[in-house]
Amino acid sequence: MPRDVLTTKLAGFGTTIFAEMSALATSTGSINLGQGFPDTDGPAAVLDAAVDAIRSGVNQYPPGLGDPDLRQAIAEHHLRWYGLDVDPDTQVVVTAGATEALAGAMLGMLDTGDEVVLFEPIYDSYQAGIALAGATPVPVLLTPADDGRWHFDADALRAAVTDRTKLILLNTPHNPTGKVFDRSELELIAAVAIEHDLIVVTDEVYEHLVFEGSEHIPLATLPGMFERTLTISSGGKTFHTTGWKIGWMTGPEELVTAGRLAKQYLTYVNGAPFQPATAVGLRLGDDYYRTLVTDLQAARDCLADGLERAGFTTYRPEASYFVTVDIRSIGFDGNAMDFCRSLPATAGVVAVPASAFYMHPEHGDHLVRFACCKQLDVITAAVDKLVSAFGSTSSSTPSGATS
Ligand code: PMP
Ligand code: GLN
């Protein structure tokens, strides 16, 4: 066996926490509230369109930029929801999920020694993409405040920018906290980007999973931001098709081209029959999108209420698939990883340690993420197990948590 098989760029990276915890759920027969994927199929029209595409011969490489009709549907989507006018031929590229768009952006834009400012906790693929590009992530910490929202310190953001910073990587709505960056926070980020002439890459895969009381605002819609923002999203969350891996990047031609040049050497293209099917999804009526949120919000409330009943300090998300809890409130004597590895035996449930989302795991050692993108009876069964394993039966609403 040759020595030093693994590139030093990936030193410290192991199997992703999602793969590890899903395998644990399978091997222990536990209820999997770890990895974020829905346990129901998406709209029949979208599924039927994929089947029709396969049956009608859409099975070879699609064009390098992506199926023209999907690119058109993405452009229509941006106009319909955000008033953003993008040219489907020069400002849209279809990717193998948001994951490949993110990797393409990092590999296509970053040089060795460049710095990327991002908000911690950090979705796992960001650090890997930045490391593979030879660049350095510089985190700005999000912390929960008494109002239950996660905040960052404006001075910490300004201080994170150096003369080596090339881009800011923003995830809104945010995984794992479920934070939706509001307009004033986005204005602050935009001002920093403009002042230092930075590119911003935004990951908006939860754009349609925003609960009552919050609003998703794409950074690209702020004055002066379209020209410096590469926006990334995908169909997986919106259409319950996480296994299809159809994503996209949109923005000014120069940024999209940089991402595409790297992307074309990763997969080149993917998912031919799923591309027209995703176009059908993007064109579904408002009713579909409304029901998607209403159903997920009921699931969020069921899970968050149950976690509170089990005694956890619970951070109710403004959006996304995830509810984060503080395990100190149940008196757990150990860190989040210990907690999650023992949870199948203790309660027959799998969750994800939020510490896996931190460059400094000690910042998240007490935080555990549960997925709410499951059927209500599955969530109820998981909650019953958690309440009987840990539980007080009265709801707990300590400071910093929503109730
Ligand atoms: N970004 C975030 C914040 C995510 O939570 C995920 C997981 N779905 C992705 C990107 C990856 O998206 P995709 O499955 O489209 O590659
Ligand atoms: N985005 C999903 C999550 O946060 C996982 C996707 C993956 O396994 N890479 O759970």
Side-chain angles (χ1 to χ4, degrees), residues 13-26 32-39 42 66 70 74 93-106 118-130 142 150 169-181 201-210 216 230-250 259 263 266-267 270-271 274-275 278 281-282 296 303 317-324 340 350-358 364 367-374:
F13 290 90
T15 300
T16 81
I17 195 67
F18 310 117
E20 179 185 339
M21 290 299 155
S22 279
L24 185 64
T26 305
N32 189 358
L33 301 188
Q35 194 176 29
F37 61 89
D39 60 355
L70 173 57
I74 293 165
V93 168
V94 177
T95 57
T99 307
E100 191 197 34
L102 286 156
M106 298 305 119
L118 33 60
F119 295 90
E120 183 180 49
I122 305 166
Y123 180 62
D124 73 333
S125 82
Y126 298 2
Q127 282 191 71
I130 293 167
L142 294 173
W150 296 69
L169 177 47
L170 173 69
N171 173 211
T172 184
H174 182 262
N175 179 4
T177 63
K179 172 182 175 62
V180 178
F181 285 71
V201 175
T202 64
D203 171 353
E204 307 186 357
V205 298
Y206 298 101
E207 62 187 312
H208 289 295
L209 307 183
V210 177
H216 171 63
L230 183 74
T231 303
I232 289 172
S233 192
S234 67
K237 315 301 185 294
T238 308
F239 307 119
H240 289 212
T241 51
T242 61
W244 288 10
K245 299 298 282 190
I246 301 299
W248 46 86
M249 42 187 166
T250 58
K263 173 263 183 300
L266 297 175
T267 58
N270 74 297
F274 303 123
Q275 294 197 13
T278 300
L282 288 168
L296 189 62
L303 178 59
E318 298 166 296
S320 87
Y321 277 170
F322 308 112
V323 179
T324 299
C340 289
V350 158
V352 161
S355 46
F357 293 73
Y358 286 81
L367 298 173
V368 168
R369 190 196 82 173
F370 290 85
C372 64
C373 47
K374 309 291 175 186

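Each ligand, and each atom within it, is numbered from 1 in the order the structure gives.
Taking both residues in full, the closest heavy atoms of L24 and C340 are given as CD2-O, 3.8 Å, listed atom of the first, atom of the second, then distance. Shortest non-hydrogen contact noted between F322 and P176 is CB-O, 3.7 Å. Considering all non-hydrogen atoms of both residues, V350 and M21 come closest at CG1-O, 3.4 Å.
At least one side-chain heavy atom of L282 sits less than 4.5 Å from a side-chain heavy atom of W248. The closest side-chain heavy-atom distance from L102 to L169 is below 4.5 Å. Put simply, the side chain of Y126 reaches to within 4.5 Å of the side chain of N171, judged on heavy atoms.
Numbered from 1 in the order shown, with element, the atoms of ligand 1 that lie under 4.0 Å from a heavy atom of N175 read 3 (C), 4 (C), 5 (O). If you number the atoms of ligand 1 from 1 as listed, the ones under 4.0 Å from a heavy atom of N171 come out as 3 (C).
Note: an N/O pair closer than 3.5 Å links R369 and ligand 2 by distance alone. Where the criterion is an N or O separation shorter than 3.5 Å, residue side chain and backbone included, G34 fails it with respect to ligand 2. On a distance-only criterion, K237 and ligand 2 share no N/O pair closer than 3.5 Å. The N/O atoms of A98, backbone and side chain alike, include one that comes under 3.5 Å of an N/O atom in ligand 1.
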Verdict with reasoning, N175 to Y321, per side-chain contact (heavy atoms from CB on, under 4.5 Å): CA-CA 8 Å; N175 179 4; Y321 277 170; over 6 Å; no
From CA spacing to verdict: side-chain contact (heavy atoms from CB on, under 4.5 Å), V94, T278: CA-CA 11 Å; V94 177; T278 300; over 6 Å; no
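Between the side chain of R369 and the backbone N or O of V323, no donor-acceptor pair lies under 3.5 Å.
Residue contacts with ligand 1 for T99 involve both N, CA, C or O and side-chain atoms from C-beta outward (heavy atoms, distance under 4.0 Å). Heavy atoms of T16 found under 4.0 angstrom from ligand 2: none, in either backbone or side chain. With a heavy-atom cut-off of 4.0 Å, M21 does not touch ligand 2 at all. Counting heavy atoms under 4.0 Å from ligand 1, residue S234 touches it through the side chain alone. At a 4.0 Å heavy-atom cut-off, ligand 1 touches K245 through the side chain alone. Under 4.0 Å from ligand 2, the heavy atoms of Y123 that appear belong solely to its side chain. Counting heavy atoms under 4.0 Å from ligand 2, residue F37 does not touch it at all.
Annotation: cation-pi pair K374/F37 present, NZ/CZ under 6.0 Å from the ring centroid and within 45° of its normal.
Closest protein heavy atom to atom 8 (N) of ligand 1: K237 NZ, 2.0 Å. The nearest heavy-atom contact from the protein to atom 8 (O) of ligand 2 is Q35 NE2, 2.7 Å. When only non-hydrogen protein atoms are considered, atom 7 (C) of ligand 2 lies nearest to F18 CD1, 3.6 Å.
Distances from atom 3 (C) of ligand 1 to the heavy atoms of D203, T242, T95 put D203 nearest.
Here the CG atom belonging to N270 is positioned 5.5 Å from the NZ atom belonging to K263, to the nearest 0.5 angstrom.
The shortest heavy-atom distance from Y321 to ligand 2 is not under 4.0 Å. Heavy-atom distances between Y321 and ligand 1 stay at or above 4.0 Å for every pair. Residue E100 places no heavy atom under 4.0 Å from ligand 1.
Between Y123 and F18, the ring planes are parallel. Angles under 30° get that label, and only those over 60° would be called perpendicular.
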